[in-house]
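Presented below is the structure to which this report refers.
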2 protein chains.
Amino acid sequence: MKVTRAKSIENREIVLETAARLFREKGFDGIGISDLMKSAGLTSGGFYKNFESKEDLIAKSCQRLSERTASRWKEHIANPEVPNPLKRIASSYLSEKNRDNLATTCMYSTLAAEVPRHGKAVQEVFAEGLESVLEILSTLVPGSTEEEKRANAIAMFSQWVGALILSRAASDNMLSDEILAVAREGSHLEGSGLRER
Amino acid sequence: MKVTRAKSIENREIVLETAARLFREKGFDGIGISDLMKSAGLTSGGFYKNFESKEDLIAKSCQRLSERTASRWKEHIANPEVPNPLKRIASSYLSEKNRDNLATTCMYSTLAAEVPRHGKAVQEVFAEGLESVLEILSTLVPGSTEEEKRANAIAMFSQWVGALILSRAASDNMLSDEILAVAREGSHLEGSGLRER
DNA sequence: ATTATCTATAGATCTATAGATAATGC
DNA sequence: ATTATCTATAGATCTATAGATAATGC
């Protein structure tokens with residue numbers, strides 16, 4: 001029953017990855033520890049040797065997601081083969097694929113609305129993650145001053161998150177595609193919906 | 001134990017109102033039938049004589065919320081004492097009060113992200129409600145053609161919903177106020193963030 | 001007599017813990 | 001000997017139902 005130290009670390013990783021997927025797919029309340037551990041190929045009893053509580057798992061798996069998004073966006077920016085990183089990020093964010101695959105989507109679009117009902121640790125993960133998202137977007141967005149860029153980043157990301165959520169709430173409908181299309185066009189830099197004073 | 005027909009109808013109303021508040025405050029999974037009925041001043045046993053299931057209550061209470069928002073906005077538009085209905089709607093939507101009082105806020109900002117995980121009846125309530133919100137906003141928003149107005153309504157409401165959700169996820173923070181302020185400014189018609197082709 | 005609401009409870013969850021098991025790693 | 005994971009279970013939920021109770025309304 002006991003496994004090697006390496007395997008044990010790997011198991012912990014698998015639990016974190018599984019949680020990150022299932023929470024986004026089913027919501028924090030939509031999946032229990034027992035089913036989650038089963039999905040990870042383990043049994044529920046071992047869970048509390050690795051995590052303090054379900055709340056602790058929520059905080060740690062979302063921390064993972066937050067870091068991964070930031071580093072993926074930074075890679076696009078650093079990659080010389082990506083000519084327009086903002087366009088690249090916007091079109092993948094506002095794609096039908098990102099709307100339809102809850103398990104792999106942005107955590108703000110599936111889970112942020114539940115955050116006010118959770119503990120401080122979870123709230124901090126979302127608050128800090130949001131700050132770093134906005135810092136990255138600020139460097140990509142148009143604007144003649146720093147303040148203008150920051151405001152544009154906030155306006156744009158708000159619209160993205162709202163558009164994804166509403167497009168899912170409108171699903172089965174032409175409206176759903178329409179919302180994504182509008183948000184995509186709004187993010188096309190020139191002549192865009194972004195504010196200029 | 002039996003009450004008058006009038007009182008019985010009133011009780012049903014109270015349950016719907018209580019549900020509308022508690023679902024927004026705690027999420028669909030965050031409140032059980034038993035506690036909900038207790039909040040309404042009743043006991044849980046009678047619930048299923050009035051509603052088919054919890055899912056049925058979700059659909060019906062959200063239907064209520066949806067109709068109420070539409071009629072309140074329409075009143076502002078019809079009221080000659082409100083000189084700028086869009087500004088009035090935007091500033092109350094993006095107020096700190098609306099951010100902080102979950103129990104009375106817009107259902108799209110607290111509950112829409114959970115909709116894809118629910119049944120068809122609930123999905124339809126949100127889809128139809130969203131359509132009517134957009135129809136109202138389309139009449140208020142700038143734009144030289146119908147298509148442009150509709151696109152602007154979609155862009156604006158997406159930003160509003162996203163801004164509220166993110167401002168709550170960023171709570172305790174200066175960032176939270178900043179997000180609301182940006183969205184408010186973005187909605188001030190002239191020189192606004194709204195798209196013009 | 002009818003029926004709106006009550007009490008009580010079945011059966012299925014859920015989070016968390018206790019202690020057994022068996023393989024690792026000293 | 002240590003310990004990662006397992007089985008089993010406590011105790012608290014949750015949705016939904018059954019049948020009792022007592023006031024309405026014919």
Side-chain angles (χ1 to χ4, degrees), chain A residues 1-62 111 114 117-122, chain B residues 1-62 111 114 117-122:
Chain A
M1 280 179 159
K2 189 183 179 185
V3 298
T4 62
R5 178 118 183 80
K7 179 62 185 164
S8 168
I9 288 169
E10 191 196 323
N11 282 344
R12 194 190 144 94
E13 292 301 304
I14 292 170
V15 172
L16 280 168
E17 295 299 323
T18 307
R21 290 181 67 88
L22 289 174
F23 286 148
R24 280 178 288 177
E25 203 177 324
K26 299 169 186 293
F28 294 133
D29 294 334
I31 181 76
I33 299 299
S34 177
D35 285 344
L36 194 153
M37 291 297 277
K38 207 176 289 167
S39 274
L42 297 161
T43 57
S44 66
F47 177 81
Y48 293 90
K49 294 289 189 307
N50 270 298
F51 300 96
E52 250 178 51
S53 61
K54 187 182 183 184
E55 184 82 4
D56 181 39
L57 176 67
I58 290 174
K60 286 185 174 127
S61 63
C62 290
L111 296 170
E114 298 189 46
R117 305 190 272 259
H118 284 268
K120 206 169 182 180
V122 172
Chain B
M1 278 176 160
K2 190 183 177 185
V3 297
T4 62
R5 179 117 184 80
K7 179 62 186 165
S8 168
I9 289 169
E10 191 196 322
N11 283 344
R12 194 191 143 96
E13 291 301 302
I14 293 170
V15 172
L16 281 168
E17 293 301 322
T18 307
R21 290 180 67 89
L22 290 174
F23 286 148
R24 281 179 288 177
E25 202 176 325
K26 299 169 186 293
F28 294 133
D29 294 335
I31 180 76
I33 300 299
S34 177
D35 286 343
L36 194 154
M37 291 296 279
K38 208 176 291 169
S39 274
L42 297 163
T43 57
S44 66
F47 177 81
Y48 292 89
K49 294 288 188 309
N50 270 299
F51 300 95
E52 249 178 52
S53 60
K54 186 182 183 183
E55 185 80 6
D56 182 39
L57 175 68
I58 290 174
K60 286 185 173 127
S61 63
C62 290
L111 296 169
E114 297 189 46
R117 308 190 270 259
H118 283 268
K120 206 170 181 179
V122 173

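We name chains A, B, ... by the order of the sequence lines, and we start the count at 1 in each one.
Phe28(B) approaches Lys54(B) most closely through the heavy-atom pair O-NZ, 2.8 Å.
In this entry the distance linking CG of Asp29(B) with C1' of dC14(D) reads 11 Å, nearest Å. As a whole-Å value, the separation of Lys38(A) NZ from dT7(D) C1' is 13 Å. Distance CZ (Phe47(B)) to C1' (dT15(D)): 9 Å, rounded to an integer number of Å. Across the protein-nucleic acid pair, Met37(B) atom CE and dA16(D) atom C1' stand 13 Å apart, rounded to whole Å. Residue Ile9(A) contributes atom CD1, which lies 14 Å from atom C1' of dG25(C) at whole-angstrom precision. The distance between atom CG of Leu36(B) and atom P of dC14(D), rounded to the nearest whole Å, is 11 Å. One can place CZ of Arg12(A) at 16 Å from C1' of dT3(D), the figure rounded to the nearest angstrom. Distance CG (Asp56(A)) to C1' (dT15(C)): 14 Å, rounded to an integer number of Å.
Look at Glu114(A) and Arg117(A) and you find no salt bridge, because none of the NZ, NE, NH1 or NH2 atoms lies under 4.0 Å from a carboxylate O.
For the atom pair CG of Leu36(A) and CZ of Phe47(A), the computed distance is 7.0 Å after rounding to the nearest 0.5 Å. Here the OG atom belonging to Ser39(A) is positioned 13.5 Å from the CD atom belonging to Glu17(A), to the nearest 0.5 angstrom. From Ile58(B), atom CD1 reaches atom OG of Ser53(B) across 8.0 Å, with rounding to the nearest 0.5 Å.
Pairing of dA22(C), defined by two Watson-Crick or G-U wobble distances under 3.5 Å, is identified with dT3(D). Pairing of dT17(D), defined by two Watson-Crick or G-U wobble distances under 3.5 Å, is identified with dA8(C).
Of all nucleotides listed (dT5(D), dT17(D), dT24(C)), dT24(C) comes nearest to the side chain of Thr4(A). Taking every side-chain heavy atom of Tyr48(A) into account, dT15(C) is the closest of dT7(D), dG25(C), dT15(C). Comparing dT15(C), dT5(D), dA16(D) by their nearest atom to the side chain of Ile33(A) picks out dT15(C).
Counting distance only, with no hydrogens placed and no angle test, the side-chain atoms of Lys2(A) and the base atoms of dT2(D) include a donor-acceptor pair under 3.5 Å.
Within the 4.0 angstrom heavy-atom criterion, only backbone atoms of the sugar-phosphate kind lie near Gly32(A); the bases stay farther away. Counting non-hydrogen atoms under 4.0 angstrom, Asp35(A) reaches the backbone sugars and phosphates but no base. Counting any heavy atom pair closer than 4.0 Å across all strands shown, Ser8(B) reaches sugar-phosphate atoms only and no base atom.
Phosphate proximity of dA4(C) to Asn11(B): absent, as no side-chain N or O sits under 4.0 Å from OP1 or OP2.
Taking for each of Lys54(B) and Lys49(B) the nucleotide of DNA chain D with the nearest heavy atom, the 5'-most of the two is the partner of Lys54(B). Taking the nucleotide of DNA chain C with the nearest heavy atom to each of Asn50(B) and Phe28(A), the more 5' of the two is matched to Asn50(B).
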